[in-house]
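For reference, the structure is listed below as structure tokens.
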Amino acid sequence: MSEKNNKQEYNPAQIEEFWQKSWDKDGIYNIPDVIKGKKNRYHLTMFPYTSGDLHIGHWYAMAPSDTLARFYRMKGDNVLFPMGFDAFGLPAENAAIKGKTHPKDWTDQNIIRMRKQLKKMGGMFDWNREVNTSSEEYYKWTQWWFLQLLKNNLAYKGKALVNWDPVDETTLANEQVIDGRSDRSGALVEQREMEQWFYKITNYAEELLNHDNLNWPESVKAMQKNWIGKSEGAEIKFSILKNDKDISKEIINVFTTRPDTLFGVTFMVLAPEHPLVDQITTSDFSDKITKYRIDTKLKTEIERQSLVKEKTGVFTGAYCIHPLSKNHIPIWISDYVSPTYGTGAVMGVPAHDERDFQFAKKFLLPIIQVVSKNTNIATEQLTNAFTEKGVLINSQQYNNLDSDTAKEKIIDCLENEKKGVRKIQYRMRDWLISRQRYWGAPIPIIYCDNDGCGIVPVPEEDLPITLPYNVEFLPTGKSPLSLNEEFVNTTCPNCKKPAKRETDTMDTFMCSSWYYMRYANPKNNTNIISKDAEKNWLPVDQYTGGAEHATMHLLYSRFFYKAARDMKILEDNEPFTNYFSQGQILGTDGQRMSKSKGNVVAPDAQINKWGADAFRSYLMFLGPWDQGGPYDLSGVVGTHRWLNRLWQLVLSKPIKNKKIAKKTDQINKINHSTLKKVTLDIASFKFNTMIAALMELTNELSTIKEINDDDEVAWDKAIEYLCLMIAPSCPHIAEELWHLLGKNSSVHLNSWPIFIDKYTKSITQVIPIQINGKLRAAIEVSVGIDESTMLSLAQKNKKIAGYVQNKNILKVIYIQDKLLNIVITN
RNA sequence: GCCGGGGUGGCGGAAUGGUAGACGCAGUAGGCUUAAACCCUGCGGAAACAUUAAUGUUUCGUGUGAGUUCGAGUCUCACCCUCGGCACCA
């Protein structure tokens with residue numbers, strides 16, 4: 001390309017296609033597992049879902065991460081930067097139903113199209129390591145993971161209230177429910193009691209809260225902490241009173257974070273779904289209770305969670321006994337108590353909890369204040385719940401203690417009397433992985449009716465359980481696989497008698513919880529990952545991707561890694577030691593891009609118009625990467641013009657003129673100070689200022705029309721460095737110009753230049769002079785002059801002299817090479 | 001309500017407590033063109049005063065209000081707006 005090209009014109013379409021093919025042919029991005037003398041470094045950007053089209057968000061996520069990976073490669077590391085496809089999932093199935101194709105065909109076609117689009121980006125992806133989560137060789141290992149988790153008691157089948165998406169006809173994990181709606185279909189989620197497969201991610205709740213040694217954004221760490229939702233308190237037992245006198249065997253357990261308010265309990269509230277409700281409700285109240293429970297069931301999660309609505313509830317007719325005061329406490333049910341958090345029951349402390357306060361007001365239940373702001377016993381009626389900590393009152397021997405002390409003493413007492421225990425409660429629940437849909441990895445389980453068999457895991461050597469192609473995959477609420485006799489009917493591995501397969505498939509987040517491991521040895525048939533592959537590449541040194549995965553993919557992956565460690569599959573604790581989350585690229589109107597808003601920017605059209613290099617650099621230039629922001633259709637012309645100017649600059653040398661003054665110092669200065677800034681900026685993800693600095697260098701060099709003969713060395717160096725410096729961000733034009741300069745090897749196989757700090761310094765500089773902190777003048781002086789010289793030079797300045805005249809100088813502040821501030825009387 | 005970002009020209013944004021607005025877009029004046037442009041060059045925070053004029057001088061200016069400092073976009077406190085996450089979570 002470089003020889004044939006017309007040297008006048010920058011034609012991105014031509015050179016980009018040429019070099020992409022050439023790189024492919026030479027395999028310059030195929031990364032060996034080991035290069036002697038080089039450190040391995042694993043860079044990864046979240047792989048795309050196979051929707052069929054690379055959208056601008058993918059480019060926004062991948063262009064900077066590619067730039068970063070290329071930079072570290074030039075810095076001398078052996079950098080792995082793989083790519084693959086997250087290919088299982090509901091959208092494939094829904095699209096196939098709509099378009100009358102098969103999910104597999106739909107997905108495979110999309111992969112072909114997306115791979116092509118990804119190559120147009122000019123990324124240094126190592127395509128030899130591509131993974132496709134819907135391929136048999138991949139999902140064999142997804143199923144293998146299930147078996148390992150099962151073997152180690154981290155997977156279990158359990159009956160529970162689960163989230164049901166009535167549109168997609170499948171269950172959802174809690175993480176997939178946003179504001180009571182399915183994150184995919186948007187349908188209002190229903191609660192159904194079903195028997196499903198779960199992973200015990202809660203076993204790792206405490207460890208997942210620990211982000212020490214993880215270089216992650218604070219916001220993402222905070223989101224995970226919020227999601228896990230740790231609360232410390234106690235679980236307290238309230239015995240149920242039977243026939244007014246006898247104490248029944250049944251006990252109500254409640255969780256509270258405020259045991260110090262225990263003496264303020266005036267009622268008990270159970271969730272309507274609480275299993276004890278039937279047993280304790282007295283006959284007088286059973287009609288009302290039954291009706292309330294039916295009403296609750298009919299409510300959507302959103303109605304139920306609404307904060308504005310008035311509290312509702314019904315008395316059960318039953319009472320329980322306060323564990324310390326022995327008072328009789330009425331038991332109510334109300335939908336403000338969630339059946340799935342804590343024990344599904346709360347102790348009502350209206351004086352110190354806003355919700356309980358509202359409930360007590362509504363049903364005229366007593367309100368007893370037991371915590372006060374100060375030691376004076378409050379006599380005033382509370383108008384609101386007092387939710388702060390304070391000093392105990394009305395609490396027998398605990399009076400006058402502060403909340404924290406009282407909390408400890410009360411729990412001690414409860415523990416002694418076996419009426420309660422210290423308890424840590426987490427908001428996070430176990431991960432529900434069963435899906436009643438077709439396009440996913442089948443759960444490798446066989447159900448056998450014979451004695452002693454029951455739930456039988458598929459033996460590892462029988463994996464993969466392949467997904468049959470000929471299946472009626474219309475959603476029916478049951479897995480489509482259950483309609484396929486050939487799939488369902490099998491023999492029990494234990495007793496060899498006829499048995500049936502599990503027909504649910506696995507949540508696709510399972511596929512993405514371990515894909516980063518597979519890139520290290522994608523074709524390994526005997527292990528999930530070999531010891532060597534693990535040593536070579538894991539954990540990921542730099543992960544990048546959107547923060548919308550904070551409580552799903554990123555949390556699940558951490559769980560997988562820790563589980564793998566405990567199952568002796570891997571050795572480390574964390575999959576991603578450094579993680580950076582980019583912001584979201586918005587439509588030109590500053591709104592989230594969506595077809596309905598008509599503000600979607602198609603990347604393909606932008607590349608055709610401007611070329612991948614200009615498009616990549618504009619995406620990096622438009623603002624700080626972690627902030628995202630609107631895409632400006634007229635802004636991208638800026639980076640295109642820049643590359644055009646740069647092209648001209650590199651190919652047209654200034655005129656040599658012996659008579660003019662030497663410019664070597666000037667050229668070295670702009671060259672090396674840019675190199676310094678670019679080096680530091682890329683390493684700290686400041687891609688926008690990196691591009692700005694490169695533009696400045698281009699502009700400054702362009703103003704030099706003539707050089708002295710002696711300047712040629714410095715000039716050539718500057719041009720060479722310029723090509724090297726743009727190589728990570730604009731790989732195609734860099735390569736083309738590099739060859740046009742007469743170099744033979746790829747620019748991407750060259751080393752990143754090292755800046756020489758002394759070149760970045762100048763001999764003179766302009767120092768601002770302030771009077772009383774206000775800028776009054778700026779004078780050029782030599783670097784490093786002392787205070788008295790600076791002051792006398794300043795006083796010679798006409799303007800400064802005018803200010804200082806007839807005034808007392810109170811103070812002089814001189815920061816060498818920065819500024820001079822003269823403080824005078826007014 | 002709780003947690004975490006962010007408020008700077010017409011717009012995107014830059015700025016280790018030290019010349020606010022780098023770099024770019026749009027705008028505008030000019031050049032090259034038959035004509036244009038995704039070509040080249042110049043000028044762009046606001047106001048007041050002075051000067052025939054280019055210009056000069058001063059004042060104001062980084063969401064609001066206080067404070068620390070010789071000096072604050074930057075630090076401290078209070079508040080407002082906005083984006084994202086969590087939420088009848090006991």
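Just the heavy atoms: all of them, side chains too, but no hydrogens, waters or symmetry mates, feed the values below. First the proteins, then the strands, lettered A, B, ... as listed; each starts at 1.
Here the two rings, on A:W610 and A:Y618, have centers that are 6.0 Å apart or farther. Aromatic pair A:Y579/A:W216: ring centres closer than 6.0 Å.
At the heavy-atom level, A:N688 lies under 4.0 Å from the strands shown only through sugar-phosphate atoms. Among the protein residues, A:K799 comes within range of the sugar-phosphate backbone only, with heavy atoms under 4.0 Å from sugar or phosphate atoms but none that close to a base.
With hydrogens and angles left out, the side chain of A:N226 and the base of B:C86 share no donor-acceptor pair within 3.5 Å. The base of B:U16 is paired with the side chain of A:K818 by a donor and an acceptor separated by under 3.5 Å. Residue side chain A:K225 does not reach the base of B:C3 through any donor-acceptor N/O pair under 3.5 Å, judged by distance alone.
With hydrogens and angles left out, the side-chain atoms of A:D335 and A:T296 include no donor and acceptor closer than 3.5 Å.
Of the listed nucleotides (B:C86, B:C23, B:G84), B:G84 has the atom at the smallest distance from the side chain of A:M223. Distances from the side chain of A:Q770 to the nucleotides B:C89, B:U58, B:G18 place B:G18 closest.
Seen from the ring of A:W227, A:R427 counts as a face-on cation partner, given the 6.0 Å and 45° thresholds.
Pair check for B:U28 finds B:G42; Watson-Crick or G-U wobble, both atom distances under 3.5 Å.
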